Structures are given as structure tokens and as C-alpha cells.
There are 2 protein chains.
Amino acid sequence: MSLSHIELPADMSAPDAGGCLATREILDRIGDKWSLYIVAMLANGPWRFNELKRGIDGISQRMLTLTLRGLERDGLVTRTMYPTIPPRVDYELTDMGRTLLKPVMALVNWANENQVAIAEAHKRFDDEPEPDQVLIQGVVYQRR
Amino acid sequence: MSLSHIELPADMSAPDAGGCLATREILDRIGDKWSLYIVAMLANGPWRFNELKRGIDGISQRMLTLTLRGLERDGLVTRTMYPTIPPRVDYELTDMGRTLLKPVMALVNWANENQVAIAEAHKRFDDEPEPDQVLIQGVVYQRR
DNA sequence: CCGTATCCCCGAGGATACTG
DNA sequence: CAGTATCCTCGGGGATACGG
């Protein structure tokens with residue numbers, strides 16, 4: 001599916017050949033469990049490795065390293081090593097990384113603004129009892 | 001970590017007690033592999049189950065069902081069943097779902113606009129050879 | 001057509017220990 | 001401090017078959 005042509009229903013059913021699936025790969029990356037949090041935290045960067053680790057609740061050292069490498073590879077984050085003892089490494093958003101900030105924060109803000117409404121929707125959905133019978137084409141089906 | 005207070009570094013290291021982690025749960029959901037695609041496709045909704053299935057490349061019946069249920073539970077999508085034969089079910093964004101559209105599409109558009117730059121960054125990153133020695137505090141370390 | 005129920009696999013990711 | 005390396009688990013998600 002080509003999200004770039006989402007406004008063209010005809011395009012939806014086409015097999016996803018060509019460069020269109022690059023969009024998906026990118027969304028899969030920046031939409032993954034940790035990238036959004038790292039990018040959001042680097043909004044106030046630069047931060048050192050362990051500052052990021054402490055700041056992002058629940059992230060393991062391994063995943064922080066891997067995700068930072070991915071973001072660096074994407075050209076979204078720079079890694080600056082200071083050859084001091086003990087070593088110090090700063091991570092910072094690149095210019096492209098900063099352009100990502102706006103849509104990311106829009107999503108974060110949406111989540112903040114709607115968390116109460118979503119919690120209420122959950123309650124409504126979960127409390128709703130199953131109907132003990134349904135009517136289809138004038139035929140009654142009893143729940144078992 | 002509370003993304004709602006991302007602009008407050010002091011808040012970063014606080015343990016994530018309280019309702020703050022709701023934001024994370026929401027982002028984990030709408031940022032998952034399929035939700036963004038479904039929401040994006042429903043921008044031009046309503047769509048029937050199999051239309052969605054055909055439109056979203058690679059999604060299995062199971063994951064389409066599960067993700068739609070999740071979105072319905074979140075109050076983002078409505079499920080309308082027409083008791084005809086064969087049965088027909090339409091999925092459509094709710095008002096809240098439509099408010100999500102704006103930040104989601106912003107992200108999608110960002111991915112589209114930057115896919116070339118990211119591909120170039122990958123090339124640069126991957127082509128860069130490892131240095132065969134590094135200098136730390138005047139001391140040379142040879143690569144092994 | 002629109003699902004649910006089962007089985008099963010594979011790899012994302014945590015825990016732990018070790019290095020420059 | 002800022003990472004690798006290794007092991008291991010646990011559940012996301014595909015494939016398949018069946019039901020209303």
C-alpha cells in the first residue's frame with residue numbers, strides 16, 4: 001500500500017512494487033517502540049548516553065544503542081565522541097532530525113490530549129455486554 | 001518518562017508513576033505496525049473489511065481484525081454491520097479518529113518527503129569504513 | 001463475506017557479564 | 001562512561017481451517 005497516494009483509492013489495491021514501500025520502512029522505523037521517545041527527548045538535546053538511558057523509562061542499554069545507531073544511520077542523529085576519560089558521547093538531532101520533531105510532537109500532543117477520551121472509550125467498549133441474540137435477515141440467532 | 005513534559009529535563013529521570021504512562025500506551029498502540037495504515041486508509045472511508053484487507057499490503061486477516069477491534073475499543077473507528085446476505089461491515093473513522101488524521105498524515109508526509117535523504121544517509125553510513133586506529137587522550141588504539 | 005480458533009515459529013528485545 | 005557479546009524467553013503475528 002502506498003501511503004503517499006492515500007487519497008487515491010484506486011491505488012490502494014495495487015501491489016506495492018517500486019519505491020513506494022520506502023515510506024513504510026521509514027514509518028516502521030520511526031514509529032517503533034523507542035525511536036519516538038528518543039527523538040522527543042533529543043528535542044532538548046544534546047544528551048549523553050546514560051542521560052538518555054535514565055530519561056527513557058524502561059529502555060535497556062542494548063535497545064538504546066541499537067535505536068541510536070539506527071537513527072544515526074538514518075541521518076537523524078549525530079554521535080559526537082569526546083576522547084576524555086571517562087569517555088563522553090553526545091547525541092543530538094541533525095537538521096533533518098529536527099524537521100521530524102514537528103510531526104512527532106504533534107502525535108505526542110494528540111496522545112496527551114486524547115488519553116482521557118480513549119480511557120472512557122475503553123470503559124464503554126469493555127462494559128458493553130454481548131447481545132444474547134442477533135437478527136439477520138429476519139432470522140434470530142441465539143447466543144451459545 | 002513523561003512525554004507530556006518533554007520540555008522539562010528535570011522530569012525525565014522521574015519514575016513513571018501516575019497517569020503519565022497512558023501517553024506511552026496510546027503511542028504504542030497507534031504507532032504499531034498496522035494502525036497507522038488503517039487510519040490513513042480510512043481517511044477516505046468508509047471501507048469494508050475485505051477492501052481494507054486488499055488495500056493494506058501484507059496484512060493478515062487476523063491482524064486486520066485485531067487492529068480494527070483495538071481501534072474500535074479506542075473509540076477511533078466505528079463498526080457498522082449490515083445484516084444482509086452476504087453480510088457487509090463498514091469501518092469508518094469517528095470524530096476523534098479524524099482528529100488523529102492530521103498528526104498521522106503529517107508523519108506520513110514527512111516520511112515521503114525525506115525518504116530520498118534517508119536513503120542517502122544510509123549509503124553514507126554504510127560506506128564509511130571503520131578507522132583502523134583511534135586516538136584517545138594521546139594514546140593510540142589499534143583495531144583488531 | 002466476515003470473521004474466530006488453533007497452532008506454531010521466529011526474532012525483537014530483556015538480563016547479564018564483560019571490555020576500552 | 002559507553003558501549004559489545006551472549007544467552008534466552010515470550011509473545012506478536014503468519015498460516016490454516018472452520019463457523020454464522
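Letters A, B, ... mirror the listed sequences (proteins, then strands); counts begin at 1. Reckoned from all heavy atoms, side chains included, excluding hydrogens, waters and symmetry mates. All values reported here derive from a predicted model rather than from experimental measurement.
As rounded to whole Å, 16 Å separates atom P of C/dG11 from atom CG of A/Leu66. One can place CD1 of B/Ile59 at 12 Å from C1' of D/dG14, the figure rounded to the nearest angstrom. Atom P of nucleotide C/dC2 and atom CE of B/Met63 are separated by 19 Å, given to the nearest angstrom. The separation between A/Leu64 atom CG and D/dG3 atom P is 8 Å, rounded to whole Å. One interatomic measurement links the two molecules: NZ of B/Lys53 to C1' of D/dG14, which rounds to 11 Å at whole-angstrom precision. If you take CG of A/Leu68 and P of D/dA2, they are 11 Å apart, rounded to a whole angstrom. As a whole-Å value, the separation of A/Arg79 CZ from D/dC1 C1' is 12 Å. The CE atom of A/Met81 sits 10 Å away from the P atom of D/dA2 (whole-angstrom rounding).
Taking 4.0 Å as the cut-off between side-chain N and carboxylate O, B/Asp95 and B/Arg98 count as a salt-bridged pair. Checked for salt-bridge contact, B/Arg88 and B/Asp90 meet the test: a charged N lies under 4.0 Å from a carboxylate O.
Residue B/Gln61 has its side chain nearest to C/dC2 when only C/dG14, C/dC2, D/dG3 are considered. Here the side chain of B/Arg48 is nearest to one of C/dG14, C/dC2, C/dG3, namely C/dC2. Relative to the side chain of A/Trp34, the nucleotides C/dC2, C/dG14, D/dA2 differ in distance, and C/dG14 lies closest. The side chain of A/Pro87 has C/dG20 as its nearest neighbour among C/dG20, C/dT4, D/dG3. Which of C/dC2, D/dC1, D/dG14 sits closest to the side chain of A/Pro86 comes down to D/dC1. Side chain of A/Phe49, nearest nucleotide from D/dG13, C/dC2, D/dG3: D/dG3.
Look at A/Tyr91 and you won't find any side-chain N or O under 4.0 angstrom from OP1 or OP2 of D/dC1. OP1 or OP2 of C/dT4 sits under 4.0 Å from a side-chain N or O of B/Arg69. In this structure, B/Arg62 does not reach the D/dT16 phosphate: none of its side-chain N or O atoms is under 4.0 Å from OP1 or OP2.
With contacts defined as side-chain heavy-atom distances shorter than 4.5 Å, the pair B/Glu120/B/Arg124 qualifies. Residues B/Tyr91 and B/Leu52 are in side-chain contact: their nearest non-hydrogen atoms beyond the backbone lie under 4.5 Å apart. A heavy-atom distance below 4.5 Å is found between the side chains of B/Trp110 and A/Met96.
Contacts of A/Arg88 with the nucleic acid, taken as non-hydrogen atoms under 4.0 Å apart, involve only primed sugar atoms and P, OP1 or OP2. Looking at heavy-atom distances under 4.0 Å, B/Tyr82 makes no contact with the nucleic acid at all.
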